[in-house]
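Following: one structure in structure tokens, then a few remarks.
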Protein chains: 2
Amino acid sequence: MMTTISEIAQKAKVSRTTVSRVLNHHPYVKADKRDAVLQAIQELQYVPNFNAVHLSKGRTNVLGVIVPKIDHPFFSQLIAGIGEVCNRYRYSLLLHQSNNDLNQELHFFNQLKYKLVDGLLLGSAISPPHVLDELSNYGKIVCCEASGCDKMASVSVNHEAGIQLALDHLREQGHQNIGLCIGNAKSGVGIKRAQAFFQYQQNYQLGWNASWYFDGNYTIEDGIQVARQLFRQSHRPTAIVVGSDYVAAGILYEARIQGIPVPDGFAVIGFDNQPISEVVELSTIDQPIVELGIMAAELLFLQLHDQQVSSTNQLNLKLIQRKST
Amino acid sequence: MMTTISEIAQKAKVSRTTVSRVLNHHPYVKADKRDAVLQAIQELQYVPNFNAVHLSKGRTNVLGVIVPKIDHPFFSQLIAGIGEVCNRYRYSLLLHQSNNDLNQELHFFNQLKYKLVDGLLLGSAISPPHVLDELSNYGKIVCCEASGCDKMASVSVNHEAGIQLALDHLREQGHQNIGLCIGNAKSGVGIKRAQAFFQYQQNYQLGWNASWYFDGNYTIEDGIQVARQLFRQSHRPTAIVVGSDYVAAGILYEARIQGIPVPDGFAVIGFDNQPISEVVELSTIDQPIVELGIMAAELLFLQLHDQQVSSTNQLNLKLIQRKST
DNA sequence: GCTTGCTCTGAAACGCGTTTCATACCCTAC
DNA sequence: GTAGGGTATGAAACGCGTTTCAGAGCAAGC
């Protein structure tokens, strides 16, 4: 029992074309006809069916976003930034949680092929480059980390600079033996951070031992485990760089339990500047995550409006010193 | 240059109807024709246009979710739960961030009217009941807190029970003078919690002073301010119930700064059991937020499949005792 | 007076699947 | 032998807007 533009047209004694023009604010409609149409819309309580609009226009004004885990603070902030831009442009946001599952990811990519979204924002992507390459034939894509695919633009945090900030700071505090703890060692972020770390280590002749390295850590609980392994070692580092504030908070927690004085006995520096780092007084590398989302979305909109954009974009980081270093 | 089912039909020497049947796994298609169609789909690299599907089917297999702020941990967990269910049912999620702005909210509600989503999940709603009432004529809606609209189902946390758990626990620890700190005093949650608190207070003859009440607090920083105001008072409560772990963490932080011993000098209990509560050793009332999202989404799917559901649903809470009480 | 160029309007085609309905075939049951 | 019922297929209508194109009206320019 939906009202359609045909009924409006009939009631207002104009053609469907004219109704469509009124709805789309086309200038060539005389005032009297416009008023008649608007009145009919009122009286019949017309509500447009946007599936028809999308079909005929060939676009949907929807952006797709895929992330591994919505409730990870990094991604929820990223989405928040993207959402803000979408609101500004009156676009909607189609969100998908992949759980780092390749099938889920591929399934979501179809939304672009199926014309359900006008563009795609990749919070993370585990698909091989050739898949992304093929996908980019179907629409514009922006990746929130270096994608390894030159057909799509990317925005990312300057991980090298971040690691360097952290290490410069620790060296200034007199540390020479510094451990590393990251999340997914195989993700772009993980690889970049590890590379930058070991490069720096070599450049500055820092001490090293394989048992000072940890990966696959994401939670507070993980941090506690890392700390236990670390503090068990007789020859241990005097500081550690940690890829996540949550993990770092776990390490601080365990240090307190074991009575190891921070920062004098052991220093910890995290990444992200999540709210948690404030209460546990953790030094950290602040990542402008919301801004990252905003920038990624803006880049996508530029491309949707046929503007050229530079394909790699980096955001800068800053050091926030608190009492853990 | 899109391939359409017509081209497939031509190539496979069948009708469009048959192609449609193959795509929809309709049983009445002979194997040889089905194969011919599938082959043509392969060769022409056919990709369906789902806007056309949505238009003719009258549904989109998309759920809408609206929340005030995506990166608030409560809502990101809620969305994560919803997203999980959506993945299970192969539905997509259209997400909107309202920033508690009524216009944003109304704008998003149109997605249901416009037939862009099959159902709506309200993470929060500030619209008056009559708006929600009218909206529910356009599709199924589930609200994640008591909505005040009897036409839609709701799932919510049992706030009364939560407050009671917290207060029972504090009384057991010998507290008689207990403060209260909540977020939005005008939201459903805020009202419920305050009511339950004051009811309990009266029932058990607890001490009270108007300066022991705080609202509009959401962040760690807010918590620090609350603590400062609190600790300035000569006649102050011996414990406080706080509606958010973040705010509670701020209070604990300030207590430490001021050298007030916790829990002996002052006890704090939070709500949510966010990760932060673990590292700061905060006692808290655990809210099953992800489960709340899952349940809300499940309820919506039940309704989309024409099943009756009970209109009010509550989830239970549990006390997590740590070192702050 | 006639061309040029806007303004305004509607018929028809288009975007692309799905669904209905009619038809035809085949087998089983009586 | 034939009525009944399942299987298989296609033509045409349908869902509902937008866009193209052609044409009419009207004013300004020469």
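Bear in mind that the values here come from a model prediction, so they are computed numbers and not experimental data. These numbers come from the heavy atoms of this one structure, side chains and all, not from hydrogens, waters or symmetry mates.
- Distance from the side chain of B/Ser15 is smallest to D/dA11 among C/dG10, D/dA11, C/dT19.
- Atom C1' of nucleotide D/dG15 and atom CZ of B/Arg59 are separated by 14 Å, given to the nearest angstrom.
- One can place CD of B/Glu7 at 9 Å from P of C/dG17, the figure rounded to the nearest angstrom.
- B/Val19 comes within contact range of no nucleotide atom at all, as no heavy-atom separation falls under 4.0 Å.
- Looking at heavy-atom distances under 4.0 Å, B/Tyr46 makes contact with sugar-phosphate atoms alone, never a base.
- Toward the 5' end of DNA chain D, the nearer of the two residues B/Lys13 and B/Ala52, judged by each one's closest nucleotide, is B/Lys13.
- The CG-P distance, from B/Asn24 to C/dC16, rounds to 17 Å in whole Å.
- Remark: the A/Arg16 side chain and the C/dG10 base include no donor-acceptor N/O pair separated by less than 3.5 Å.
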Determine, stepwise, if the pair A/Ser127 / A/Leu106 fulfils side-chain contact (heavy atoms from CB on, under 4.5 Å). CA-CA 8 Å; A/Ser127 300; A/Leu106 296 176; 4.0 Å; yes
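- Each of D/dT19, D/dT9, D/dC16 was ranked by its minimum atom distance to the side chain of A/Lys57; first place goes to D/dT19.
- Taking only side-chain atoms of A/Lys30, from C-beta outward, the nucleotide of C/dT9, C/dG17, D/dT18 with the closest atom is C/dT9.
- Residue B/Phe50 contributes atom CZ, which lies 9 Å from atom P of C/dG17 at whole-angstrom precision.
- Whole-Å rounding puts the B/Tyr114 OH to D/dC16 P distance at 16 Å.
- Side-chain proximity of A/Ser20 to the nucleotides D/dT18, C/dG10, D/dT9 is greatest for D/dT18.
- We find that CG of A/Asn49 is positioned 13 Å from C1' of D/dT18, with the value rounded to whole Å.
- Contact between the side-chain N/O atoms of B/Asn51 and the OP1/OP2 oxygens of C/dC16 is not found at any separation under 4.0 Å.
- Out of C/dT9, C/dG17, D/dT18, the shortest distance to the side chain of A/Thr18 is found at C/dT9.
- Judged by distance alone, with hydrogens and angles left aside, B/Thr17 brings a side-chain donor or acceptor within reach of the base of D/dA11, the pair sitting under 3.5 Å.
- Checking side-chain atoms of B/Gln303 against main-chain N and O of B/Gln308 turns up no donor-acceptor pair under 3.5 Å.
- Phosphate contact (OP1/OP2 of C/dC8, side-chain N/O of A/Tyr28, threshold under 4.0 Å): absent.
- One finds no salt bridge joining B/Lys33 and B/Asp35 here, because no Lys/Arg side-chain nitrogen approaches an Asp/Glu carboxylate oxygen to under 4.0 Å.
- Put simply, the side chain of B/Gln307 never gets that close to the backbone of B/Leu302: no donor and acceptor are under 3.5 Å apart.
- Using a 30° and 60° split on the angle between ring planes, B/His305 and B/Phe301 fall in the tilted class, from 30° to 60°.
- Rounded to a whole Å, the NZ atom of A/Lys115 is 11 Å from the C1' atom of C/dC16.
- Looking only at atom types and distance, the side chain of B/Asn158 has no donor-acceptor partner in the side chain of B/Lys192 under 3.5 Å away.
- Of the listed nucleotides (D/dC16, C/dT18, C/dT9), D/dC16 has the atom at the smallest distance from the side chain of B/Leu55.
- The separation between B/His54 atom NE2 and D/dG17 atom P is 17 Å, rounded to whole Å.
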